[in-house]
Structures are given as structure tokens and as C-alpha cells.
Amino acid sequence: MLMATMALGLGRCTIEDCTSNFNDLALISFADTANQATTIMEVTWDSVFIMDADTGLYGNAISELWPLPLNPISDSSAFIFQNFNDEDGSLEDSDTMWLRYRTVERLLGLDCGVDISFRNLEVYESTFDSVYVADSIVTFDAEPNIYLYLLK
Amino acid sequence: MKQLFITCWLLLAGSAALFAQSDTTQADSTAPPIRSKPKEPIDWHPKALRFGLDLAGPAQIVFQPTVRQFEAAADLQVHKYLAVMEIGQASFLYQPAQGNYIYSSTGSYFRLGADINLIKPDPKFNGIFLGIRHGRSRYVDRLFVFLPDENYGYGEQVLNLENPNMRDRWWEVAASTKIQVWNGLFMGYTARYRFGYRNLAEYDGQRPYAAPGVGRINGLNWRINYYLQWRLPFSKPQEPKEQG
């Protein structure tokens with residue numbers, strides 16, 4: 001009888017770890033083309049949004065780090081960065097970046113839910129001067145995944 | 001390696017000649033020879049077949065109605081050893097009330113192995129066994145996820161994933177008891193410790209969470225089964241001969 005009870009109870013004695021270091025926000029930073037280093041620049045963008053999206057991600061923002069959300073049901077995402085003329089509001093500068101990646105889905109636990117991680121991150125097309133992928137796995141680490149170089 | 005093997009056999013054969021001398025020495029002695037009970041030759045013919053069902057799997061439905069596991073087990077008795085086969089089918093369905101996902105895994109499995117009886121032969125064929133198993137499973141697992149709109153601009157999204165041809169293999173150490181509770185009817189538990197788990201299928205993306213025969217892949221490596229089995233002897237036990 002004891003063993004029968006243990007047989008039933010053991011199946012529920014699993015301690016599940018709900019922690020995950022994976023993130024769905026790729027961290028982008030900008031650096032000076034002439035420098036070709038990873039010294040981060042603080043830049044201003046009037047508008048940053050996902051291509052074909054109705055809502056914007058950032059408006060009139062200045063920052064060193066730009067978290068960009070990756071699409072979990074696709075293997076690619078594209079982002080547009082724009083600056084407008086302060087006087088007449090005309091489009092002054094516009095750059096686009098296309099990202100490609102691989103998603104890995106796993107059920108962390110019955111009460112934890114599903115974790116989606118983004119790996120093998122690469123920039124397969126961009127209108128920036130050049131790009132550098134520093135870390136192809138998107139995590140909660142504060143280090144940038146991608147450096148975009150601007151001619152300053 | 002071959003030379004070492006031949007050398008060992010030659011040494012064993014040579015040492016056998018030394019023991020031939022000791023028999024002559026004993027014949028010359030005046031003390032009566034000590035007669036040791038001759039060892040009975042090991043009978044390697046199969047004695048009986050035992051087959052039955054696992055009761056723990058169906059009982060688990062009471063606590064987890066969406067986890068269903070049915071298993072049959074059979075073993076062939078040869079001397080104090082058992083050749084064991086266990087086959088089963090299992091399905092897992094996890095859909096939490098407050099969650100945003102549905103996970104399912106359905107398939108079949110089998111284990112093959114051998115046990116050794118650790119106690120002296122019992123007239124009722126009771127036993128305590130220790131053995132090893134090799135397990136294999138084949139299954140399909142699916143994951144459905146609803147992703148709410150997080151105001152990024154992607155809107156509400158749905159992930160529908162499937163691994164259609166998953167295959168696992170693993171090893172187990174098993175300790176079991178079999179007690180005769182009635183004429184030919186046995187009951188007993190088997191405690192298993194799983195090791196050497198490996199997924200053999202090539203897949204990308206969704207990681208499996210539960211597998212038939214294994215349970216939750218990242219869960220406890222311990223499992224317990226409780227079997228009800230019937231023993232079919234291949235021959236009637238021989239009655240002692242009357243001395244006339």
C-alpha cells in the first residue's frame with residue numbers, strides 16, 4: 001500500500017525551475033564608423049518602429065541602448081530608424097535593418113509557461129554603414145547584441 | 001589482447017594438472033575421505049513465464065486525469081534470472097487553467113532487460129530482484145502557445161509547433177519484489193532509476209517536455225511501478241520419488 005502511494009506521489013514530486021535568462025528584446029547600440037570600435041554612442045532617433053507595424057517603439061528618444069522586440073512566430077524582423085527635420089518635419093534620415101534568427105521554444109514547467117529564446121541572430125541586410133554582431137543569443141545580459149555604425 | 005586471453009587459458013589449464021596430484025595424496029591417507037555434497041548442475045531451461053499489468057499508471061489518472069499510461073510486463077524465469085520485457089503506451093496533456101499554452105505528448109515505449117534473484121529459491125517463487133533495463137520510446141509532441149499583444153506592433157499571435165517523429169533512449173537500474181498472493185498470482189513493485197537519457201531525433205525549435213516511458217524529461221529520475229502478474233510454469237513441480 002505504501003509503495004502504491006509512492007508510485008502515485010513520485011510523479012508529482014518534480015521541482016521545476018522557472019528561471020530563464022533568455023529575452024525577446026535584441027539590444028542594439030550605435031558606434032562611430034571612423035572609430036570602428038565598440039565605444040557606444042548616445043544617439044537620437046525621432047522614430048523607431050517595426051516594419052509594417054501600426055504602432056511605434058520609440059519616439060523622439062535619445063539613448064545608448066535600444067531594445068528591439070523580435071517576432072516570435074517568424075524567423076526575421078525588420079526595424080526602421082528615422083529622423084525628421086525640426087523645422088519643416090520632413091524626413092531627414094531613414095535607415096532600415098533586417099534581422100534573422102532561430103527560435104527555440106520549451107516548456108519550462110507546468111506553472112512556469114513557455115520560454116522562447118532567440119539564437120543565431122544575424123543582420124542579413126542593413127542600410128547602415130556597417131554592422132557587427134557581438135552576441136548572437138538574445139539574453140537579459142546588458143551587453144549589446146548588435147553594433148550599428150554611423151558616419152558621424 | 002588475444003595473446004593475453006590465450007595466456008590466461010594456458011595458465012588455467014596448467015594449474016588444473018596440479019590439483020590432480022592432491023587426489024592421490026588423499027587416497028593414501030588412513031582417515032576416511034570427506035564426502036562433499038555434489039553440486040547440482042544448473043538447469044538453464046526456462047521454468048516459467050510471468051505476465052501482467054502495471055497498476056500505478058491507471059491509478060495516476062485519479063490525480064492527473066490528463067496523464068494516461070498503460071503498461072504490460074512479462075518475464076521469463078531461467079534459473080535465478082529473469083529476462084524482462086515491458087511495453088506501454090502513454091499520453092500527456094498539460095493545459096493549465098491560467099496559462100497560455102497547451103502541451104501534449106503521445107506515443108509508445110518498451111524496455112528490455114534482465115534481473116537476478118537476490119534470495120535463495122523460494123517454494124512459492126517469491127523473490128527480490130535487481131536488474132537493468134534499456135528503454136526506447138517513439139512519440140509525437142505538440143505545443144500550442146497564445147501570445148497576447150504586448151503593444152510592440154505584432155498584435156496577438158499564435159504558435160503551433162509539432163515534433164512528429166521523436167525517439168528517445170535511456171537506461172535504468174531496477175529493484176523489484178514479486179510476492180505470490182494467491183495461487184500463481186503475484187504482486188510487487190519495481191523501483192527504477194533512469195540514467196543515460198538521450199533524444200535520438202533530429203529536431204529544431206521546440207524542446208520535448210514529456211516522453212512515454214520517461215515522464216517529464218527534466219523531472220525526477222526515479223519512478224515506481226506496481227505490477228499484478230500471473231505465473232505460468234512450463235512444467236509441474238516434480239514430486240519426490242517413493243523408496244521401495
Side-chain angles (χ1 to χ4, degrees), chain A residues 1-18 20 22 24-26 47-59 67-80 101-120, chain B residues 54-57 59-64 67 69 92 94-96 98-103 105 141 143-147 149-155 157-161 176-177 187-192 203-210 215-227:
Chain A
M1 192 61 162
L2 173 64
M3 289 306 165
T5 306
M6 286 176 62
L8 302 174
L10 265 183
R12 300 177 63 83
C13 287
T14 303
I15 301 173
E16 297 183 317
D17 183 9
C18 295
S20 170
F22 296 109
D24 62 347
L25 299 173
S47 176
V48 179
F49 56 97
I50 300 170
M51 184 179 286
D52 299 328
D54 297 331
T55 57
L57 297 172
Y58 303 100
L68 299 180
L70 302 177
N71 191 345
I73 67 168
S74 173
D75 63 353
S76 64
S77 299
F79 303 92
I80 299 175
Y101 42 83
R102 182 173 68 93
T103 59
V104 174
E105 299 82 11
R106 58 188 180 128
L107 182 57
L108 288 177
L110 299 185
D111 297 325
C112 307
V114 178
D115 174 61
I116 302 174
S117 60
F118 297 84
R119 310 180 189 204
N120 301 113
Chain B
D54 169 44
L55 302 181
Q60 193 179 13
I61 294 175
V62 175
F63 297 93
Q64 287 187 292
V67 176
Q69 182 166 302
F92 306 87
Y94 300 118
Q95 182 181 5
Q98 304 298 327
N100 65 329
Y101 70 89
I102 301 173
Y103 177 84
S105 175
D141 77 333
L143 179 62
F144 173 88
V145 188
F146 172 75
L147 301 168
D149 184 5
E150 298 196 41
N151 294 321
Y152 291 149
Y154 294 126
Q157 297 175 304
V158 164
L159 263 174
N160 215 346
L161 304 165
S176 58
T177 65
M187 297 185 84
Y189 70 88
T190 298
R192 316 169 179 280
Y203 63 94
D204 194 23
Q206 178 202 341
R207 296 285 185 260
Y209 179 74
R216 295 183 202 177
I217 293 169
N218 292 325
L220 287 178
N221 290 337
W222 285 97
R223 290 177 68 88
I224 292 182
N225 295 95
Y226 199 76
Y227 292 103

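Each chain gets a letter, A, B and so on, in the order its sequence line appears, and its residues count up from 1. These figures come from a predicted structure and were not determined experimentally.
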A:I73 CD1 to B:L161 CG distance, which is reported to the nearest 0.5 Å: 10.5 Å
Most chain B-contacting option - heavy-atom pairs closer than 4.5 Å, from A:N71, A:T55, A:T103: A:N71
B:R207 CZ to A:S117 OG distance, which is reported to the nearest 0.5 Å: 7.5 Å
Side chain / backbone / both / neither for A:I50 at chain B, heavy atoms under 4.5 Å: side chain
Distance (rounded to the nearest 0.5 Å) between B:Q64 CD and A:L110 CG: 7.5 Å
Among B:Y94, B:Y152, B:Y103, residue most engaged with chain A (heavy-atom pairs, under 4.5 Å): B:Y152
Spacing of CG belonging to B:N218 relative to CZ belonging to A:R106, to within rounding of 0.5 Å: 8.5 Å
A:S77 to B:Y154 - nearest heavy-atom pair and separation: OG-OH, 3.4 Å
Segment of A:D24 engaging chain B (4.5 angstrom heavy-atom cut-off): side chain
Interchain contact, A:L70 with chain B, by part (heavy-atom threshold 4.5 Å): backbone
Residues, nucleotides or ligands: over 12 heavy atoms within 6.0 Å of A:D111 CG: no
Contact check, side chains of B:E150 and A:P69, non-hydrogen atoms, under 4.5 Å: no
Residue, of A:A53, A:P72, A:G113, that accumulates the most heavy atom pairs under 4.5 Å with chain B: A:P72
Heavy-atom proximity to chain A below 4.5 Å, by part of B:V67: neither
Heavy-atom side-chain contact between A:E105 and B:V145 under 4.5 Å: no
Per-residue contact mode, A:I116 against chain B (heavy atom under 4.5 angstrom): side chain
